[in-house]
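First the structure, in the form of structure tokens, and then the observations on it.
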Amino acid sequence: MKIATWNVNSIRTRLDHVLNWLYVNAVDVLCLQETKVVDELFPQSAFESEGYQVYISGQKAYNGVALISRQALKNVQVGFTSVLGSSEATERFDQQKRLICAISSPSGAEQPSLRILNLYVPNGSEIGSDKYYYKLEWLALLEEYIQNLLQQDPCHLLICGDFNIALEDRDIHDASERAHHIMASDLERQALQRVLQIGLQDAFRKFTAEGGHFSWWNYRAGGFQRNRGWRIDHQYLSKALYQAATACTIDTAPRRLPQPSDHVPVTVELDMAAL
DNA sequence: ATGGCTATCGCGGATAGA
């Protein structure tokens, strides 16, 4: 089973890139972030014509996530409130459409179910700003959300998306200023580490130890051409899934196309029969 | 370098991204 994550920076602008990529790569589930469109205007039929089911949580101009799946998904849940119940905090954070979760249950097989959580973690703007504290609070709520999910139904869990955090220095082209840089500060890394301590491991690092592998490059100043990038798009797996992972790859090809997204897709391959 | 680029909304230029 192959699951990919891709921040497309507007699904309507990037529709051809995504459809072409899916045609060549044929993943089972594609998790999209920054779709930047309300649900009514999401190009759903373009994916359905290619045999995919579409599950979306979008808003006007900003944010927005989607699950594009070969098989129908079950128990689709959107936002924090659907899992944590309504509170001042869940309602406030759910104004921004940043998470969608569903269960993939292979039909006719004895293979176990897999819960897929697709995230668009807030960017944080700059260290110390209101948006920075919003990001840290959002990650704290995410920790609570995942603990609740696992209590409700302790199944295999895959969390992927644009985390807007480089967890280690080897995930940054130049880590010298990292302590003062958004996406690399100690508090951001600690907030993500607390989430991962629930029992999640980075699929990419099962296979690749060296630095120089990135998933995002700044549009400005020839970031991609000079490989001045960051690895901020991740695939995190619960223990048995991590054991069952057979590959995790970053596909830089779409970044070379005209008018690319600034992020590229990251795909994890799982041997479900090994579970 | 208060730099560099891209997308949305909406029609100029602010806002956001990372």
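So you know, we letter chains A, B, ... as the sequences are listed, proteins then strands, and number each from 1.
Distance A:Phe163 CZ to B:dA18 C1': 16 Å, rounded to the nearest Å. Rounded to a whole Å, the CD atom of A:Gln96 is 13 Å from the C1' atom of B:dT15. The CD atom of A:Glu177 sits 21 Å away from the P atom of B:dA18 (whole-angstrom rounding). Whole-Å rounding puts the A:Gln59 CD to B:dG17 C1' distance at 13 Å. Between A:Arg228 atom CZ and B:dG3 atom C1' the separation is 14 Å, expressed in whole Å. In this structure, CG of A:Asp162 is placed 11 Å from P of B:dG17, rounded to the nearest angstrom. Atom CG of A:Leu41 is separated from atom C1' of B:dG10 by 15 Å (rounded to the nearest Å). Taking atom CZ on A:Arg14 and atom C1' on B:dG17, their separation rounds to 12 Å, with Å as the unit.
Nucleic acid contact class of A:Asn164 (heavy atoms, under 4.0 Å, all strands): sugar-phosphate only. Residue-level contact check: A:Glu34 touches the backbone only, with heavy atoms under 4.0 Å from sugar-phosphate atoms and none from bases. Counting any heavy atom pair closer than 4.0 Å across all strands shown, A:Arg255 reaches no nucleic acid atom. Within the 4.0 angstrom heavy-atom criterion, no nucleotide atom of any strand lies near A:Asn63. Heavy atoms of A:Tyr132 sit nowhere under 4.0 angstrom from any nucleic acid atom. Contacts of A:Ala221 with the nucleic acid, taken as non-hydrogen atoms under 4.0 Å apart, include base atoms.
Put simply, A:Lys60 has no side-chain N or O that comes within less than 4.0 Å of OP1 or OP2 on B:dT8. The phosphate of B:dG17 has OP1 or OP2 within less than 4.0 Å of a side-chain N or O from A:Arg98. Distances shown here put a side-chain N or O of A:Asn7 below 4.0 Å from the OP1 or OP2 atom of B:dA18. Contact annotation: A:Ser125 side-chain N/O to B:dA18 OP1/OP2 distance is not under 4.0 Å. Under 4.0 angstrom from either OP1 or OP2 of B:dA18 there lies at least one side-chain N or O belonging to A:His263. Taking 4.0 angstrom as the limit, A:Lys131 places a side-chain polar atom (N or O) nearer than this to OP1 or OP2 of B:dG17.
Side-chain rings of A:Phe163 and A:Tyr236 approach one another, their centers coming within less than 6.0 Å. Ring to ring, A:His181 and A:Trp230 are close: their centroids are under 6.0 angstrom apart.
With B:dC5, B:dC9, B:dA7 as the choices, the nucleotide that has an atom nearest any side-chain atom of A:Arg12 turns out to be B:dC9. Taking only side-chain atoms of A:Ala61, from C-beta outward, the nucleotide of B:dC9, B:dG17, B:dT15 with the closest atom is B:dC9.
The closest donor-acceptor contact from the side chain of A:His17 to the backbone of A:Pro258 lies under 3.5 Å. A:Lys97 places no side-chain N or O within donor-acceptor distance of the main-chain N or O of A:Lys36, the cut-off being under 3.5 Å.
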Step-by-step salt bridge (Lys or Arg N to Asp or Glu O under 4.0 Å) determination, A:Arg228 to A:Asp174: CA-CA 8 Å; A:Arg228 296 173 65 84; A:Asp174 174 8; 5.1 Å; no
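If you find the closest nucleotide of DNA chain B to A:Tyr120 and to A:Pro260, the one lying nearer the 5' end belongs to A:Pro260. Ranked by how close their nearest DNA chain B nucleotide is to the 5' end, A:Val121 and A:Ile11 are led by A:Ile11.
Rounded to the nearest Å, the gap between the C1' atom of B:dT15 and that of B:dG10 is 13 Å. Taking the P atoms as reference points, B:dG13 lies 23 Å from B:dT2, given to the whole Å. As rounded to the nearest Å, B:dG12 and B:dA1 have P atoms that lie 35 Å from one another.
Screening A:Val29, A:Val266, A:Thr267 for a side-chain contact (heavy atoms from CB on, under 4.5 Å) involving A:Thr5 leaves a single residue, A:Val266.
Between A:Phe93 and A:Tyr134, the ring planes lie tilted relative to each other; the angle falls in the 30° to 60° range.
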